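Note sheet for the following structure.
None of these values were measured; they are calculated from a predicted model.
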Amino acid sequence: MRFTRIEFVFVALGAALGIIVAFAYKAGWVAESAAFPPLIFVLLGLGLIEIVVGYATARPLGSLVGTPARILAFAVGVGVMLMLGGKFA
């Protein structure tokens with residue numbers, strides 16, 4: 001399977017969200033014992049990015065990136081978050 005340019009950008013944005021959440025955790029803005037675990041912030045951020053870009057490009061929601069790219073973006077984001085953030089619950 002080949003990814004499109006938009007899907008590669010989406011995976012890179014997932015990694016950027018992982019970095020942001022890891023630094024927020026290190027700064028103390030996100031607690032590991034909070035109601036939402038830190039990985040939920042990566043998932044919600046990816047969803048918001050897809051909604052905003054979908055509306056901006058006037059494409060139907062859900063047609064911007066494929067499911068494999070969504071899964072890869074989430075896995076890369078969580079992986080980066082775990083590597084930079086240290087110990088998470």
Can you give me the closest heavy-atom contact between V65 and E50, atom names plus distance?
CG2-OE2, 3.7 Å
In terms of heavy-atom contacts, V42 and F74 come closest through CG1-CD1, 4.2 Å
Applying a strict under-4.5 Å side-chain criterion to I, L, V, M, F, W and Y, I'd like to know whether I71 and L64 cluster together.
no
Does F36 belong to the same Ile/Leu/Val/Met/Phe/Trp/Tyr cluster as L48, with side-chain heavy atoms less than 4.5 Å apart forming each link?
no
Partner of M81 under side chain to side chain contact (heavy atoms under 4.5 Å, CB included), chosen from I19, I20, L39, L17
L39
Pairs touching residues 1-22 that satisfy ring-ring contact (aromatic ring centres under 6.0 Å, His included), sequence neighbours left out:
F3-F8
Could you report the tightest heavy-atom contact between L46 and G14, atom names first, then the distance?
CD2-CA, 3.7 Å
Could you report the tightest heavy-atom contact between V30 and F41, atom names first, then the distance?
CG1-CE1, 3.8 Å
When every non-hydrogen atom of A15 is compared with those of V76, the smallest separation belongs to CB-CG1, 3.7 Å
Drop me the distance from T67's OG1 to L72's CG, to the nearest 0.5 angstrom.
12.5 Å
Closest contact, heavy atoms only, P38 versus V21
O-CG1, 3.7 Å
